[in-house]
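Data block below; observations after.
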Amino acid sequence: MRRAPALGLALALVAVPSLVILLSRQTVTFDSFHGEDLAESRTLIAELMRGERLSPPPPPPPEVFATEEVRRVKPEIVGADRKWDQIDADLQQRVLAIFEVMRREHDIRLVLVEGYRSPERQAELMREGRATRAGAWQSCHQYGLAIDAAPMRDGKLQWNMEDAWTRRAYFLYGELAEQAGLTWGGNWRSLKDYVHVENAAACRQARRERLARQG
């Protein structure tokens with residue numbers, strides 16, 4: 001019986017540090033997001049997705065995608081496809097709802113950076129080690145079920161996650177993507193892809209159907 005208090009103390013000494021580590025990890029995970037109350041955003045996302053068909057916003061001037069900074073930091077987007085009609089209709093509406101909430105509630109303009117990506121382009125990007133580890137037909141971009149978007153400020157696309165405004169914009173984008181039923185690349189465990197959102201379930205189905213056709 002005398003061993004019981006000692007055993008309890010030993011278990012506490014083991015459990016408490018583990019609990020502290022777990023709580024610390026949770027704090028680190030959300031430390032980059034400033035915790036805005038997005039309840040109203042969630043409602044607006046739902047209303048927009050249920051309402052009339054949303055239209056794509058006017059694109060920025062073409063030179064926005066070909067500046068010296070873009071060619072240095074994100075050269076893969078210079079020749080990217082930015083045609084909204086190449087994107088799955090359902091995904092298009094979910095993304096446009098996100099764009100609209102970002103504009104209305106947070107005064108942040110999101111810009112479509114890339115939509116559909118051909119299997120040839122996908123293979124080239126992987127071969128060159130640019131922005132992806134997925135080969136041809138492995139990315140949701142090939143099925144029109146993924147898009148890349150970036151926030152725009154002062155006429156320039158923003159990428160620097162060390163900048164507080166940019167980091168907040170991407171985390172808002174990711175939170176709204178989850179609310180719209182999409183998967184955000186910023187939540188991936190490796191190769192964080194903050195610009196990327198996809199309809200993961202539809203993409204899995206599209207892959208299965210393609211494999212079945214190959215049969």
Side-chain angles (χ1 to χ4, degrees), residues 32 56-57 59-88 91-92 94-96 98-99 108-163 165-167 169-174 177-178 182-214:
S32 302
E63 53 267 26
V64 166
F65 303 99
T67 64
E68 181 180 343
E69 181 184 11
V70 167
R71 292 181 183 278
R72 184 181 71 254
V73 178
K74 293 280 184 180
E76 65 273 9
I77 77 164
V78 176
D81 188 311
R82 285 178 276 274
K83 299 184 185 71
W84 282 94
D85 60 4
Q86 292 276 72
I87 301 168
D88 173 79
L91 174 63
Q92 183 183 133
R94 291 171 192 258
V95 169
L96 289 173
I98 294 167
F99 278 30
I108 295 172
R109 181 185 181 185
L110 283 176
V111 172
L112 178 65
V113 169
E114 184 167 18
Y116 171 75
R117 186 184 294 161
S118 71
E120 294 78 18
R121 174 172 164 80
Q122 185 70 36
E124 179 185 359
L125 290 175
M126 188 187 75
R127 193 164 51 246
E128 296 177 355
R130 290 158 53 188
T132 185
R133 294 176 184 169
W137 296 112
Q138 294 177 343
S139 169
C140 297
H141 282 283
Q142 272 86 84
Y143 306 93
L145 289 165
I147 70 104
D148 294 341
M152 191 169 178
R153 179 175 57 172
D154 299 330
K156 295 181 179 179
L157 299 173
Q158 303 297 311
W159 319 104
N160 182 14
M161 292 299 284
E162 299 300 318
D163 174 72
W165 184 93
T166 303
R167 195 168 184 83
Y170 276 111
F171 272 80
L172 284 168
Y173 169 51
E178 296 289 333
L182 303 175
T183 298
W184 178 48
N187 283 334
W188 291 344
R189 291 186 178 182
S190 61
L191 194 64
K192 300 283 189 181
D193 196 353
Y194 297 104
V195 301
H196 181 97
V197 298
E198 64 183 43
N199 187 329
C203 185
R204 286 192 295 270
Q205 181 61 29
R207 288 197 191 103
R208 285 194 292 267
E209 291 175 358
R210 178 178 176 273
L211 291 173
R213 287 194 299 270
Q214 289 179 326

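Atoms considered below: every heavy atom in the structure, side chains included; atoms not considered: hydrogens, waters and symmetry mates.
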Fill in the blank from the handout: Output for pair (Leu110 CG, Leu96 CG), nearest 0.5 Å, gives 10.5 Å
Handout entry: Pairs where residues 61-77 contributes a residue and the test side chain to side chain donor-acceptor pair (under 3.5 Å) is met, not counting sequence neighbours
Key = none
Fill in the blank from the handout: Note: Pro75 and Val73 closest approach over all heavy atoms is CD-C, 3.4 Å
Practice task
Answer yes or no: is there a donor N or O on one side and an acceptor on the other, between the side chain of Gln122 and the main chain of Ala134, under 3.5 Å?
Solution key: yes
Fill in the blank from the handout: So CZ of Arg153 and CZ of Arg109: to nearest 0.5 Å the spacing works out to 15.0 Å
Practice task
With rounding to the nearest 0.5 Å, note down the distance linking CD1 in Ile98 to OH in Tyr173.
Solution key: 6.5 Å
Exercise for the section: Find out whether Arg204 and Cys140 are in side-chain contact, i.e. whether some heavy atom of one side chain is under 4.5 Å from a heavy atom of the other. Expected result: no
Exercise for the section: Taking Tyr170 for its side chain and Trp159 for its backbone only, find out whether a donor-acceptor pair lies under 3.5 Å. Expected result: no
Exercise for the section: Not counting sequence neighbours, which residues clear ring-ring contact (aromatic ring centres under 6.0 Å, His included) with Trp165? List them please. Expected result: none
Completion exercise
Between Met152 and Val64, the two heavy atoms sitting closest are CE-CG2, 3.7 Å
Problem - Approximate separation, where rounding is to 0.5 Å, of Gln142 CD and Glu120 CD - result: 9.0 Å
Handout entry: Short side-chain to backbone donor-acceptor contact, Glu198 and Ala146, under 3.5 Å
Key = no
Problem - Side chains of Ile87 and Val95 in contact at under 4.5 Å (non-hydrogen atoms) - result: no
Exercise for the section: Using a 4.5 Å cut-off on heavy atoms from C-beta on, say whether the side chain of Val111 contacts that of Pro59. Expected result: no
Handout entry: Arg117: partners by salt bridge (charged side-chain N to carboxylate O under 4.0 Å, His left out), with sequence neighbours left out
Key = Glu114, Asp148
Problem - Which atom of Ala200 lies closest to which atom of Thr183, heavy atoms considered - result: CB-OG1, 3.5 Å
In residues 77-84, what donor-acceptor pairs under 3.5 Å come from side-chain atoms, sequence neighbours left out?
residue : atom : partner : partner atom : Å
Asp81   : OD1  : Lys83   : N            : 2.8
Arg82   : NH1  : Ile77   : O            : 2.9
Arg82   : NH1  : Val113  : O            : 2.9

Handout entry: Between CG on residue Leu145 and CG on residue Leu182, distance to nearest 0.5 Å
Key = 10.0 Å
Fill in the blank from the handout: For Ala177 and Val197, the nearest pair of non-hydrogen atoms, with its separation, is CB-CG1, 3.6 Å
Exercise for the section: Describe, in one word, how the ring planes of Phe171 and Tyr194 are oriented to each other, choosing from parallel (under 30°), tilted (30 to 60°) and perpendicular (over 60°). Expected result: tilted
Practice task
Scan for salt bridge (charged side-chain N to carboxylate O under 4.0 Å, His left out) pairs involving residues 186-196, sequence neighbours excluded, and state none if there are none.
Solution key: none
Problem - CG-OH distance between Asn199 and Tyr143, expressed to the nearest 0.5 angstrom - result: 13.5 Å
Problem - ring-ring contact (aromatic ring centres under 6.0 Å, His included) involving His196 - partner list, sequence neighbours excluded - result: His141, Trp188
